[in-house]
Amino acid sequence: MAVDKDKLLQFLLRQGDNTLILGHRVSEWCGHSPILEEDIALANTALDLIGQTQMWLGYAAEVQGEGKSADDLAFLRDAWDFRNVLLTELPNGDFGQTLLRQFLFDAFQSVLMGRLMKSSDETVAAIAAKASKEVAYHVERSADTVVGLGDGTEESHNRMQAALEYLWPYVGEMFESDDIDAAMAEAGIAPDPAGLREEYDALVGKVLTEATLDIPAAKYAHKGGRTGYMHTEHLGHLLATMQWLQRAYPGCEW
Amino acid sequence: MTQPSVKQVWEWLETIPDPEIPVITLVDLGIIRNVEFHGETCVVSVTPTYSGCPATSMINMDIETKLRDCGLDKIELKQQLAPAWTTDWMSDKARAALEKYGIAPPQPAGGPQRCPHCGGNHLEKLSQFGSTPCKAQWRCQDCLEPFEYFKCI
């Protein structure tokens, strides 16, 4: 069945903005990681995320039909136009916090991409099939690192527990649903995110238990990113860094 | 010039080396999915290895340059996402060339079969990621040399 074009666009922006903003955040580690192998791994993860962004935002621009490109959407929108979940825009913190954020997101992507591969929309299915192979590597690595640091030294364990206390209230937003999600579910394009929670909790719970980390009991979830209602104060600063070249020199190319 | 055959175009493409691993060709790698003529336009469908692989634009430029050098002037490059690229499409010739070059070829088991330097099989993974998106870093505990492994996807 035909789906409302604006709703499909919003759905695609949510996908592409998640990978764009997290990809940019992860790229901030380039040249700063604790050891060379980790530096390369983080840069490669960022690269995969930016590559997935090109596919999602490229399709978003096509659906929008205003002759824009993925680059236009990435570099010429303002903070209130972004539809990423708040989790992806949070500051990197220390290495452990970065990898924990990555794991919390990778776990979600690994569940979601598996479903999107069966999307009724051929392009969504193709992008998800491509992305899922990369996500499988990401989640394996981020889960291993979370276990290594959580079940590591007293210092690394304490830092990981503190990171979990900080990040956990941002997990709930990934499972929010609204009329856009309902329209996607009805058209068979994407699952209702609320229905992915059980699978996610099983995966995350297993890894965090192995990492000897305690999931905070509080249920409160910060939200407002995926609807664009209100981002954190961190997004504007990120965009200022990411977009300044295109803003200062419009149309500049390599 | 008269329009070359599709087979001829494949033969030309067969000579283009991968920009990052020049011992294998783009055809060996399995990323060229289709060649056909739409009227006078030669349409080449290419699939990316990894979605963010920075070599993608270089690969497209190399294909276009090669075909122009061979006398074609109407060329269209299409990105084909589905089915997603898999290392299963890599030719046996490419696997042998990789190993000889010092890169362990992809294995369904998810790790290298043997050290590409000494053939040893006491191996340890150093990192899931390497110098390009398609590779991981491993080390041989027999000869102690590090080496790259072409990830199986």
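Worth knowing before you read on, the calculation uses all heavy atoms, side chains too, and leaves out hydrogens, waters and symmetry mates. Bear in mind that the values here come from a model prediction, so they are computed numbers and not experimental data.
Cation-pi geometry between A:R247 and A:F75 is not met: the NZ or CZ atom fails to fall both under 6.0 Å from the ring centre and inside 45° of the normal.
The pair A:D17-A:R226 does not meet the salt-bridge criterion, since no charged nitrogen lies less than 4.0 angstrom from a carboxylate oxygen. With salt bridges taken as basic N to acidic carboxylate O contacts below 4.0 Å, none links A:E89 and A:R101. Ionic pairing of B:D73 and B:R68 is not present here: no N-O contact between side-chain nitrogen and carboxylate oxygen is shorter than 4.0 angstrom.
Residue A:H32 comes nearest to A:D39 through the heavy atom pair N-OD2, 3.1 Å, listed as atom of the first residue, atom of the second, then distance.
For the pair A:V3 and A:M184, the minimum side-chain heavy-atom distance is below 4.5 Å. The closest side-chain heavy-atom distance from B:L13 to B:T25 is not below 4.5 Å. With contacts defined as side-chain heavy-atom distances shorter than 4.5 Å, the pair B:E14/B:D28 qualifies. Looking at B:S131 and A:I40, their side chains never come closer than 4.5 Å, going by heavy atoms from C-beta outward. Contact of the B:C42 side chain with the B:L77 side chain is not registered, since no non-hydrogen atoms from C-beta on lie closer than 4.5 Å.
Ranked by heavy-atom pairs under 4.5 Å with chain B, the first of A:A131, A:A41, A:A126, A:G23 is A:A41. Comparing B:Q137, B:Q79, B:Q128 by heavy-atom pairs within less than 4.5 Å of chain A, the highest count is held by B:Q128. Top candidate by heavy-atom pairs under 4.5 Å with chain B, chosen from A:N44, A:L49, A:L42, is A:N44. Comparing B:A82, B:P133, B:P83 by heavy-atom pairs within less than 4.5 Å of chain A, the highest count is held by B:P133.
Using modelled atom types, one side-chain atom of A:S119 and one backbone atom of A:I189 make a donor-acceptor pair closer than 3.5 Å. Judged purely by atom type and a 3.5 angstrom limit, A:Q243 uses its side chain to pair as donor or acceptor with the backbone of A:R77.
Within the 4.5 angstrom heavy-atom criterion, only side-chain atoms of A:E134, from C-beta onward, approach chain B. Looking at A:Q54, only its side chain comes within 4.5 Å of chain B, counting heavy atoms on both sides. Contact of B:K125 with chain A is made through the side chain alone, with heavy-atom distances under 4.5 Å. Looking at A:L47, both its backbone and its side chain come within 4.5 Å of chain B, counting heavy atoms on both sides. Residue B:C134: no heavy atom, backbone or side chain, is found under 4.5 Å from chain A.
At a heavy-atom separation below 4.5 angstrom, chain A is approached by B:W85, B:T86 within residues 85-109 of chain B. Using non-hydrogen atoms only and a strict 4.5 Å limit, the part of residues 43-67 of chain B facing chain A consists of B:P48, B:T49, B:Y50, B:S51, B:G52, B:P54.
Ring-plane geometry between A:W56 and A:F11 is classed as perpendicular, the angle between the planes exceeding 60 degrees on a 0 to 90 degree scale with a lower cut at 30.
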I would like to know whether A:R115 and A:E199 meet salt bridge (charged side-chain N to carboxylate O under 4.0 Å, His left out); could you show each step before the answer?
CA-CA 12 Å; A:R115 304 293 176 87; A:E199 200 178 327; 2.7 Å; yes
